[in-house]
Amino acid sequence: MQNALTSLNEKQREAVAALHGPVLVLAGAGSGKTRVLTHRLAHLIGTKTATPQQLLAVTFTNKAAAEMRARVSALVGEAAARQMALGTFHGLGVRLLRAQHKYAPRSANFTIVDTTDSERLIREACTSLNISPQQVTPRNIRSMISKAKSTQTSPEAFAAEVQSPIAEAAARVYPLYEQLLAQNDGYDFDDLIIAPLQLLAEHEAVRRRYQQQWRWLSVDEYQDTNPPQDALLKLLLGPEQNLCAVGDDYQAIYSWRGAQVDHILQFETQFPGCTTIYLTQNYRSTSPILEAANQIIAVNEDQKHKELWTDEKTGEAVQVLAVTSDRAEASSVCTGVQDAIEAGGAAGECAILYRTNAQSRAFEEELMLHNIPYQIVGGIRFYDRAEIKDAMAILHLTVNPNSALALERITKAMIVGVGLKTIARIKLYAREHKMSLIEALSDDAVLTSRLQASYAPLTRALAEAQSQLKDSPMGATMEQLLKGSGYLASLKDVERSEERLENIAELINVAAGYTDAASFIEDVALMSDIDQTTDAKDRVLCMTLHAAKGLEFEQVWLVGCEEGLLPHRNSIDRPAELEEERRLLYVGMTRAKRQLTLSHASTRTLHGESLPQAPSRFLADLPESVTQTDLAGEATAAALDDTITGGLWDLEGRDVGEIVSHPQFGPGVIIQISGSLITCVFEGHGVKTLDASMAA
DNA sequence: GCCGACAGATTTTTT
DNA sequence: ATCTGTCGGC
């Protein structure tokens with residue numbers, strides 16, 4: 001085995017060697033944080049301080065977990081790495097709830113209720129409470145309830161502090177929603193953290209058991225943990241307090257789902273005498289990129305100040321690309337990507353990052369047009385597609401024949417003549433007669449023989465699968481289920497039939513990698529799109545800034561740097577959220593290794609109409625010395641029409657986003673006006689702030 | 001219970 | 001511009 005301490009810098013080595021007690025690693029972007037985490041785990045094992053079974057490592061995404069396991073594997077061998085507990089918070093929650101279901105509020109075969117299903121339940125609750133979805137959308141209510149759950153607020157407590165009419169509606173829905181979850185034997189995403197937390201808090205013996213089992217804990221992306229997650233960690237933490245928290249407050253971008261930067265900022269207060277290590281040497285980006293990113297983030301106030309540095313002295317300037325429309329933006333960026341590929345770079349070295357998923361479409365169309373291989377990450381998740389959810393619902397019924405959500409889903413998809421009313425009758429009858437929903441489907445007292453016959457292929461396929469589930473591979477089971485139940489046939493004469501069948505084929509492919517249905521279902525429920533991105537370096541990746549966290553690319557186009565988008569309009573009047581938007585930009589910028597382009601369009605199509613857009617206020621904070629501007633042809637032409645000889649200094653009627661011409665710097669775009677100070681980006685000259693009260 | 005036509009929202013980010 | 005949910009007629 002390789003020594004875990006070699007090939008690390010001094011700070012990294014310190015972090016890896018700090019094996020006992022609480023350790024805080026404040027790791028800047030690109031500072032080798034994953035390296036530190038993996039080497040630390042390897043070091044714990046290598047020095048025989050801990051056995052692999054005593055380690056628990058929590059990551060933010062499944063992909064990060066997989067990568068970490070692979071890297072630890074390389075250091076300590078596969079056998080040892082396999083024995084570590086390594087996964088996401090939600091994965092950990094599922095594991096605890098399955099193992100300890102006796103102490104938990106649901107069965108061992110519980111259903112994971114994803115956001116869509118959760119919204120469906122809320123809708124149901126609204127209907128029965130006579131709350132019209134007109135005024136308060138179920139989505140809105142769902143997010144309020146989710147926020148309440150992720151700040152550990154009970155239905156009662158929530159009701160007590162209701163402020164708005166919307167909250168009042170949510171307060172009425174909340175308890176009913178919880179009831180519906182229980183009826184469906186389901187946990188929603190929040191429950192997957194909260195339920196284990198309660199379980200551990202209430203059962204000392206169970207808590208002890210895990211504290212003794214996992215004596216070394218580590219957590220990645222600690223800045224993005226929410227209170228229940230933090231509490232869960234602390235309950236799992238035994239008396240030795242062996243917790244290694246790694247994160248970067250500069251990269252905290254999940255406060256909207258209840259994450260608290262305070263967890264990382266207060267770590268040293270929470271654990272007096274902890275070892276704190278700062279990793280600030282960056283191994284990823286060139287110095288212009290780093291300098292620009294540093295300057296952007298330095299404007300924030302609510303943070304620990306640190307500055308990334310690099311030995312890399314050279315590098316191309318950060319480009320600011322000004323274009324006239326979102327279409328022009330897509331086309332300019334595509335040209336840039338094409339140039340990069342023609343210059344010998346792989347498509348996979350390029351990434352297009354944006355604030356909102358809605359922005360992806362223009363790029364998708366343009367990339368397709370130019371035959372550039374690409375992949376859109378996020379948006380409609382593969383596992384959220386209707387046919388995938390239908391197929392999973394069928395499989396689900398083999399594991400849990402009581403899942404009303406699954407039965408409803410598949411009924412809607414393929415059983416003609418049964419609607420919500422009949423389903424309600426089935427549910428009621430099954431409950432009263434203590435039989436499963438599936439059993440009730442073949443009961444004369446519930447369904448007419450005609451309807452029983454409609455269900456017959458499904459029930460038969462389920463029964464068959466039931467008997468062979470144990471000893472046949474999942475791929476075959478899945479195929480038999482989908483064929484036997486008639487679901488596959490039902491996809492034949494439907495819109496986008498081929499695509500759906502292809503997706504099903506892909507699902508069967510994935511299933512083939514599993515041996516038991518429960519773990520397959522579980523993984524699918526917790527799998528995000530980002531986890532799916534293969535590392536094949538053959539296509540341009542397009543994704544949101546959130547999804548880009550933890551990744552890196554040779555070239556990054558960070559698009560839509562406009563007021564209302566980045567910062568997003570919903571964040572503009574709240575200073576704390578504005579800081580988060582800035583961090584989002586910082587996260588995006590620090591993904592770039594070699595070349596970074598920030599683009600903004602002066603008009604953008606929204607809901608079908610074209611609206612004027614001002615450049616992001618953040619652009620004004622870019623350092624002049626490392627920035628270059630490209631007015632992308634059209635904009636330059638526009639500037640020539642609008643040349644004001646010496647008139648730049650007349651601010652009357654000038655607005656942010658306008659293209660102007662300066663006698664010395666030539667064409668440029670105004671990105672900020674503050675009193676008599678005017679900030680522009682000039683082609684070939686970068687960002688300049690000029691004083692309009694001074695004569696030219 | 002089903003289907004088509006229309007109205008209305010949608011766009012912040014995700015496990 | 002597109003998608004989703006609701007409503008009315010069958």
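Numbered from 1 within each chain, the chains take letters A, B, ... in sequence-line order.
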Nearest-Å distance for atom pair [atom1]/[atom2], residues [X] and [N]:
| X | N | atom1 | atom2 | result |
| --- | --- | --- | --- | --- |
| Lys63(A) | dT15(B) | NZ | P | 12 Å |
| Arg385(A) | dC3(C) | CZ | C1' | 16 Å |
| Glu119(A) | dC3(C) | CD | C1' | 14 Å |
| Arg142(A) | dT14(B) | CZ | P | 13 Å |
| Glu581(A) | dT11(B) | CD | C1' | 13 Å |
| Leu566(A) | dT11(B) | CG | P | 18 Å |
| Glu562(A) | dT11(B) | CD | P | 19 Å |
| Asp188(A) | dT14(B) | CG | P | 18 Å |

Open item on the list: Under the criterion of centre distance below 5.5 Å and interplanar angle below 30°, is Tyr254(A) classified as stacked on the base of dT13(B)?
Closed with: no
- [ ] Would you say whether His607(A) stacks on dT10(B)? The test is a distance between ring centres of less than 5.5 Å and an angle between planes of less than 30°.
- [x] yes
Task: Distance in Å, His600(A) NE2 paired with Thr324(A) OG1, rounded so as to fall on 0.5 Å steps - done: 11.5 Å
- [ ] Determine the minimum heavy-atom distance between Asn184(A) and Ala404(A), stating which atoms define it.
- [x] OD1-CB, 3.2 Å
- [ ] Establish, from distance only, whether the side-chain atoms of Ser602(A) and Gln613(A) form a donor-acceptor pair under 3.5 Å.
- [x] no
Task: Pair Thr111(A)-His396(A), side-chain donor/acceptor within less than 3.5 Å - done: yes
TODO: Write down the distance separating the P atoms in dT13(B) and dT4(C), rounded off to the nearest Å.
DONE: 15 Å
TODO: Look at all strands and tell whether Asn357(A) reaches a base, only sugar-phosphate, or nothing, counting heavy atoms closer than 4.0 Å.
DONE: sugar-phosphate
TODO: Answer with base, sugar-phosphate or nothing: what part of the nucleic acid does Arg361(A) contact at a heavy-atom distance below 4.0 Å?
DONE: sugar-phosphate
Kindly point out which of [options] is positioned nearest to the side chain of [X]?
| X | options | result |
| --- | --- | --- |
| Val416(A) | dT15(B), dT14(B), dC2(B) | dC2(B) |
| Arg123(A) | dT14(B), dG5(C), dT15(B) | dG5(C) |
| Lys421(A) | dG1(B), dT11(B), dT15(B) | dG1(B) |

Open item on the list: Please determine whether ring pair (Phe, Tyr, Trp, His ring centres under 6.0 Å) holds for the pair Phe110(A) and His101(A), giving the CA-CA distance in whole Å, both sets of side-chain angles, and the decisive distance to 0.1 Å.
Closed with: CA-CA 9 Å; Phe110(A) 61 80; His101(A) 67 272; 9.1 Å; no
- [ ] Return the orientation label for the Tyr514(A) and Phe520(A) ring planes: parallel under 30°, perpendicular over 60°, tilted otherwise.
- [x] tilted
Looking at [X], does any N or O in its side chain come under 4.0 Å of the phosphate oxygens OP1/OP2 on [N]?
| X | N | answer |
| --- | --- | --- |
| Thr544(A) | dT14(B) | yes |
| Arg139(A) | dT11(B) | yes |
| Asn570(A) | dT13(B) | no |
| Thr422(A) | dG1(B) | yes |

- [ ] Assign each of Val418(A) and His568(A) to its nearest nucleotide of DNA chain B by heavy atoms, then name whichever residue's nucleotide is nearer the 5' end.
- [x] Val418(A)
Task: Position toward the 5' end of DNA chain B (nearest nucleotide), Leu606(A) or Gly419(A) - done: Gly419(A)
